[in-house]
Amino acid sequence: ASSHFPVCFACKRRHTRYSGWIWAAVLCLTCIAPPAPAAEQGASDRQLGEQLVRQVWADMKNTDVGQLEKIVAGGFQSVHTFGANDWPQELKLIKGLKLGPYTLSGFKVTRDGPVIVATYMVSVDETIHGHRLHKKLAPRMSVFLLTKDGWKWIAHANLKRM
């Protein structure tokens with residue numbers, strides 16, 4: 001019955017609402033041209049991920065508990081070489097960090113829908129569980145979730161050895 005409608009060369013669907021090759025071509029322009037080029041979108045995602053990480057670190061450095069509470073997600077978890085933390089445990093750890101000057105580098109950021117995953121390297125003097133740790137580079141990962149209230153920090157990994 002609908003075989004007389006043309007098949008779009010871009011999306012391989014029959015556009016049965018309109019007949020004719022011209023309408024099929026016009027309707028499928030969205031199949032050919034995405035809203036934003038993937039490279040352009042990837043660059044903005046990378047910038048956003050790096051910006052979110054830098055804000056978390058600035059808030060930790062300043063021990064800005066109020067700001068951290070605004071950006072943390074309800075299901076937050078972190079993992080360290082000593083084990084896992086929920087948000088109250090992580091907040092207690094953050095309050096005792098006594099962060100020195102730090103350097104963030106080597107960012108790799110990916111996005112899948114409402115999730116941004118940022119991995120990076122950190123060089124920082126910090127105190128964890130009463131131990132002052134060296135400034136040697138160590139890998140970290142921070143994960144952010146887009147909610148109706150904006151981007152929220154939902155997970156963090158600190159792979160620095162104690």
Can you find a pair of side-chain heavy atoms, one from [X] and one from [Y], that are under 4.5 Å apart?
| X | Y | value |
| --- | --- | --- |
| M121 | L159 | no |
| I128 | L97 | yes |
| W151 | I71 | no |

Task: Name of the residue among V117, V56, V115, I154 meeting side chain to side chain contact (heavy atoms under 4.5 Å, CB included) with F144 - done: V56
Honestly curious: do [X] and [Y] fall in one hydrophobic cluster under the side-chain, below-4.5 Å linking rule?
| X | Y | answer |
| --- | --- | --- |
| W153 | V143 | no |
| L91 | V79 | no |
| F107 | M141 | no |
| L68 | L93 | yes |

TODO: Could you label the plane-to-plane angle of the Y120 and W57 rings as parallel, tilted or perpendicular, counting under 30° as parallel and over 60° as perpendicular?
DONE: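 Because their plane-to-plane angle is over 60°, the rings of Y120 and W57 count as perpendicular.
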Open item on the list: Parallel, tilted or perpendicular, judged at 30° and 60°: which one describes the rings of F82 and H80?
Closed with: parallel
- [ ] Check the pair K152 / V72 against side-chain contact (heavy atoms from CB on, under 4.5 Å), numbers first and verdict last.
- [x] CA-CA 5 Å; K152 300 293 183 176; V72 74; over 6 Å; no
TODO: Might you work through the side-chain contact (heavy atoms from CB on, under 4.5 Å) test for K61 and D59, ending with a clear yes or no?
DONE: CA-CA 5 Å; K61 170 80 170 146; D59 295 340; over 6 Å; no
Task: Rounded distance [0.5 Å steps], CD in Q55 versus CE in M60 - done: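 Between atom CD of Q55 and atom CE of M60 there are 11.0 Å.
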Open item on the list: To the nearest 0.5 Å, what is the distance between CD on E90 and CG on N158?
Closed with: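 That separation rounds to 8.0 Å.
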Open item on the list: Are more than 12 heavy atoms, taken from residues, nucleotides or ligands other than D149, located less than 6.0 Å from that residue's CG atom?
Closed with: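 More than 12 within 6.0 Å, yes.
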Of all the heavy-atom pairs spanning [X] and [Y], show the shortest one and how long it is.
| X | Y | result |
| --- | --- | --- |
| V124 | K160 | O-NZ, 2.6 Å |
| Q67 | D64 | N-OD1, 3.1 Å |
| D45 | I116 | O-CD1, 4.3 Å |
| G49 | V109 | CA-CG1, 3.9 Å |

Open item on the list: Run L137 and S105 through side-chain contact (heavy atoms from CB on, under 4.5 Å) and show every step you take.
Closed with: CA-CA 9 Å; L137 274 176; S105 62; 4.3 Å; yes
Open item on the list: Under a 3.5 Å threshold, yes or no: a donor from one side chain and an acceptor from the other, between E69 and W87?
Closed with: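 Yes, a side-chain donor-acceptor pair sits under 3.5 Å.
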Task: SB check E126 R140 (cutoff 4.0 Å) - done: yes
Open item on the list: I'd like to know if E50 and R54 make a salt bridge, using a cut-off of under 4.0 Å between side-chain N and carboxylate O.
Closed with: yes
TODO: Using modelled atom types only, decide if a donor and an acceptor are shared between the side chain of R46 and the backbone of L48 within a distance under 3.5 Å.
DONE: no
Task: Backbone N/O of D86 and side chain of Q89: donor-acceptor pair under 3.5 Å - done: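 Between the backbone of D86 and the side chain of Q89 there is a qualifying donor-acceptor contact (under 3.5 Å).
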